[in-house]
Asker: 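Quick one: the structure is below, and I'll ask about it shortly.
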Amino acid sequence: MNERIRRLREKSNNTHPGISTERALLLTQFCADPAHAAMPAPVLRGSVFRHIMENKTLFLDPDELIVGERGPSPRATPTYPEICLHSLEDLEVLHSRPKVSFTVDSETRRVYDQQIIPFWTGRSLREYMFKELSPEWRRAYEAGVFTEFQEQRAPGHTAGGSRIFEKGFLDILCEIRSQMQELDFATDPHALETRENLQGMEQAALGIIALGHRYADLIREQARKENNLSRRNELETMADICSRVPEHAPRTFWEALQHYWFVHLGVITEFNTWDSFNPGRLDQHLLPFYRRDLAERRLTPERAKELLCAFWIKFNNQPAPPKVGVTAQESNTYTDFCLINLGGVDRDGKDGVNELTYMILDVIEEMRILQPSSMVQISCKNPDRFVKRALEIVATGFGQPSMFNTEAIITELLRQGKTLKDAREGGASGCVETGAFGREAYFLTGYFNLPKILELTLHNGKDPRTGIQLGPHTGEVADFKDFTQLLQAFAQQVAFFADLKIQGNNLIEQIYARNMPAPFLSLVIEDCVSAGRDYHCGGARYNTSYIQGVGLGSVTDSLSAIKRHVFETGAISLEALVAMLDRDFNDAEQWRKCLWNDTPRWGNDEEAADGLAAEVFEIFFSAVDGRPNTRGGVHRINLLPTTSHVYFGSVTGASADGRRAGTPLSEGISPVQGTDRNGPTAVILSAARIDHQRTGGTLLNQKFSPDLLQSPESLGKVLSLVRAYFRLGGHHVQFNVVDAKTLRDAQKEPEKHRDLIVRVAGYSDYFNDLGRDLQDEIIRRTEHQGF
Amino acid sequence: MAPVSGWIFDTKRFAVHDGPGIRTTVFFQGCPLHCPWCHNPESMPFARSGRPVPPGARQVTVAELISRVERDRVFYEESGGGVTFSGGEPLSQPRFLEALLTACREKKLQTALDTCGHASPQTARPLLRHADLVLFDVKFFLSRELLRHCGATNRYIFSNLEQLLTDGPRLWLRFPLIPGYTDTPDNLNAFEERVREWRDRIERVSILPFHPAAAHKYRRLQIRNPMRQVPQVPETIALALAKRLQAIHPDIHIGG
């Protein structure tokens with residue numbers, strides 16, 4: 001890393017995120033203008049986008065090589081009041097909360113008080129949505145049975161494909177205009193709707209083109225004032241690049257990076273999309289530019305690496321938009337889940353690892369910053385050298401890159417009906433979510449609290465915390481004659497809440513489709529333009545809705561405890577056990593320990609527990625998979641938690657496996673923290689017991705003691721572990737390589753461990769930025785040693 | 001015929017220090033030596049009929065053990081690993097060990113035998129030949145010292161080793177580097193000499209530096225820990241020895 005990158009990195013890391021009102025003001029200004037009141041939604045949204053792009057403050061740092069910020073300066077974070085309107089109290093919470101805070105100055109409060117809040121009150125999507133959702137849905141949501149991703153953030157959940165690197169926005173504009181010309185109002189009953197969609201997209205394309213030219217002008221101006229000759233030359237090149245992209249397709253490596261960055265900014269400015277956005281298979285997209293530039297002597301490897309480092313900084317400058325309430329609890333981090341994919345196979349199915357893959361891995365290691373997140377796709381066709389290099393970086397202990405199974409991803413996509421080519425060009429975005437990059441709108445809709453549903457089952461559908469009847473009456477515990485009856489009742493409850501969740505999803509999807517089209521994102525994802533349909537309305541080639549199951553380990557172990565101690569040994573009656581849970585094991589510590597220690601547990605390669613996990617999986621899968629959404633696609637499941645396992649734990653009483661009330665659940669498909677006692681091979685065999693290929697992603701965390709990855713030889717053994725997991729069909733595994741002592745020291749003296757980064761679940765974060773309960777949860781995870 | 005069974009005190013999956021690849025290590029109960037630095041003091045006493053079972057020891061059949069070991073086959077295949085028989089001393093339960101080695105061969109599981117070599121050559125030879133890899137631990141290259149510290153002479157050990165050197169499976173030499181015991185100049189010189197002499201036959205030499213990790217076991221078992229005052233071997237010392245040997249042998253390894 002050279003000096004200038006070091007400076008950019010320092011600045012990025014040391015700037016505390018703050019709230020910027022600029023976007024909210026531009027939006028409000030435009031929408032409040034009576035002249036715009038009658039605009040159809042797509043045209044309004046496209047025009048708002050253009051208005052922002054034409055008027056937002058531009059930012060240029062003296063060290064920069066890639067330009068463009070979402071806010072007026074790095075880490076100045078916009079709000080999206082059309083989706084979620086923050087109250088003054090929300091702003092105060094954002095400002096003063098101890099973790100993941102945003103500076104909110106008095107001017108921001110004033111603007112909110114006088115302009116934003118008065119205009120958007122009663123107009124924000126969130127208010128509308130909650131008004132329309134059924135009382136049953138709201139009760140389950142408030143009880144923490146599930147969360148709702150779209151209540152504060154737009155769906156997003158997609159990644160860029162090759163289209164971005166092959167087309168300029170002028171090309172896309174031409175496509176749009178010729179589409180419009182071909183519209184036939186005589187025969188096409190949807191012609192008006194299509195025309196409005198295309199008109200919105202047209203405005204969005206003009207907006208992003210304008211942004212490029214505005215940057216070109218700014219940089220050219222700066223170049224004129226610059227005394228340092230080499231920087232002046234550099235600025236002139238940058239100005240040329242910005243007058244070229246994003247209007248035209250990129251021709252060089254530098255143009256390609258800048259072009260993508262404008263697209264990224266467009267997506268995350270149009271909406272506060274979940275999982276921000278993501279360049280997809282970056283090493284493959286950039287390769288032709290890189291090779292051509294080297295051959296034509298426009299670029300050196302050193303310069304390419306410097307540009308990549310500068311590119312990395314841009315991601316780190318964009319914290320996840322401010323979240324409050326349940327959304328903050330389920331995803332409590334600045335990380336915005338842009339996940340760079342490396343390796344895997346190319347569209348022809350051949351080994352996709354190339355020289356840029358290794359260069360980008362070097363960049364990841366050197367930069368060591370939270371954003372972007374990174375992952376390696378590991379195919380059986382990829383060389384071990386590649387996996388070893390990735391593991392060397394994992395061994396440095398900041399949780400990146402995570403590891404994915406290319407063959408699993410492809411099988412998952414094929415099962416969902418994607419073509420082989422689209423599947424091969426796909427990958428994982430966000431935490432672990434499978435998608436056909438550049439071609440799929442795969443909305444994550446909310447976490448689904450499986451242990452809570454077991455708790456409700458044990459109370460005949462009633463929430464013991466509040467006494468409210470949330471689910472159907474599926475039987476008093478005294479009536480369960482055997483374990484099968486209990487499991488059937490649980491399955492009924494799961495099906496009921498899955499129904500409720502899907503009802504909500506279908507309603508919310510339509511609200512977005514009607515009221516909040518995404519014309520800019522529609523430019524980027526195939527086939528929105530050619531179909532003249534919006535991204536939010538089924539315009540993408542593939543349209544999937546996901547429900548994310550949480551607490552597989554906790555629910556499996558609880559069922560296993562009941563099966564063993566109630567129905568097999570008869571040591572305790574189910575009524576007595578439930579009574580104990582209701583008292584949070586008060587006066588029953590002996591029993592709690594017995595349940596905790598003497599229950600067959602998930603993650604130990606024991607059929608008694610693993611078989612139950614597979615049953616829970618089937619129950620959840622059959623309740624969700626294949627249920628239609630409103631965009632021409634269907635619902636699917638995946639299994640990941642972000643930080644929702646902490647939130648869900650806080651609303652779930654004591655569990656039959658000896659877990660105390662209010663404490664975190666297990667995360668992803670990982671075993672309950674500290675209960676996997678047979679080593680990592682046993683964890684992997686258990687994890688492989690569920691059918692990953694019928695999900696859109698699973699998340700397995702492993703914590704390894706640092707000495708396990710020290711020598712090349714032991715690194716090779718961890719490589720074999722990963723290869724074996726993938727051979728068994730595992731989707732994803734990630735490693736924390738840090739010992740518990742370091743983590744405990746960091747809790748005691750946080751100021752000495754400011755740089756300590758750990759893997760949470762699907763992303764890495766500064767240990768100091770995690771809540772205490774999450775810190776404790778990570779410490780409790782089993783640390784595997786080599787024997 | 002009753003199924004063959006034997007005494008073990010533990011099995012460990014994901015063993016990464018007992019041979020190539022990912023392995024499962026089976027720890028036999030009972031050892032003819034009594035090395036003061038032993039990491040597995042619970043493994044020393046033999047389980048004998050009519051006597052109380054040593055704490056932690058349990059009897060298992062070959063079939064049981066093999067089915068347990070087979071669970072991790074996919075990891076052995078990916079990593080070139082397999083099963084390691086360690087202890088205790090596996091050669092001290094020859095019938096059990098032989099049955100296990102035969103079963104592994106039938107099941108195409110790669111085997112390693114971690115041994116101190118102290119067993120009558122008549123017993124040891126066929127067993128040593130039967131394994132795919134022998135991890136041969138030599139503590140003292142001078143006979144008197146082994147007798148003094150560990151309670152046996154070097155006679156069998158060297159006879160078995162000589163035999164292995166002439167003919168037998170892959171061979172790794174393991175040398176515990178124990179302050180105040182095996183680190184005398186005479187012993188280190190003799191060690192170096194032997195490595196030179198055997199270098200073509202020995203695939204790898206592992207230096208195993210003393211680490212007080214087993215102290216808690218001595219406390220728990222309430223037996224005297226002769227090494228309680230001895231600190232961990234500094235890395236520099238182990239590295240210096242490794243460097244000395246690297247001049248002679250291409251594969252010198254610190255740790256298992």
Asker: Got a second to check how far B:Arg23's CZ is from A:Thr681's OG1, nearest 0.5 Å?
Answerer: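 Separation between the atoms: 13.5 Å.
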Asker: Please round to the nearest 0.5 Å and tell me the distance separating atom CZ of B:Phe75 and atom CZ of A:Arg727.
Answerer: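 Atom-to-atom, B:Phe75:CZ and A:Arg727:CZ are 9.5 Å apart.
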Asker: Kindly compute the distance separating CZ (B:Arg71) from CG (A:Asn678), expressed to the nearest 0.5 Å.
Answerer: 10.5 Å
Asker: Quick one: pull up NE2 in B:His253 and OG in A:Ser711 and give me the separation to the nearest 0.5 Å.
Answerer: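 Interatomic distance, B:His253 NE2 to A:Ser711 OG, rounded to 0.5 Å: 5.5 Å.
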Asker: Going by heavy atoms in the side chains, are A:Leu685 and B:Arg13 under 4.5 Å from each other?
Answerer: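 A side-chain contact exists here, since the closest heavy-atom pair is under 4.5 Å.
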Asker: Is there a side-chain contact between B:Phe14 and A:Leu721 (heavy atoms, below 4.5 Å)?
Answerer: yes
Asker: Considering only heavy atoms, which portion of A:Leu728 lies under 4.5 Å from any heavy atom of chain B: side chain, backbone, both, or neither?
Answerer: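 The side chain, not the backbone.
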Asker: Without placing hydrogens or testing angles, list every side-chain donor-acceptor pair under 3.5 Å for residues 235-245 of chain B, not counting sequence neighbours.
Answerer:
| residue | atom | partner | partner atom | Å |
| --- | --- | --- | --- | --- |
| B:Arg244 | NE | B:Glu192 | OE1 | 2.8 |
| B:Arg244 | NH2 | B:Asn189 | OD1 | 2.8 |
| B:Arg244 | NH2 | B:Glu192 | OE1 | 2.7 |

Asker: Mind checking what makes salt bridge (Lys or Arg N to Asp or Glu O under 4.0 Å) contact with A:Arg564, not counting sequence neighbours?
Answerer: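 For A:Arg564, the residues satisfying salt bridge (Lys or Arg N to Asp or Glu O under 4.0 Å) (neighbours in sequence not counted) are A:Glu568.
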Asker: Ignoring hydrogens and geometry, is there a side-chain-to-backbone donor-acceptor pair from A:Lys717 to B:Ile22 under 3.5 Å?
Answerer: no
Asker: Flag the pair B:Val74 / A:Tyr725 as yes when at least one side-chain heavy-atom distance between them is below 4.5 Å, and no otherwise.
Answerer: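 Not in contact.
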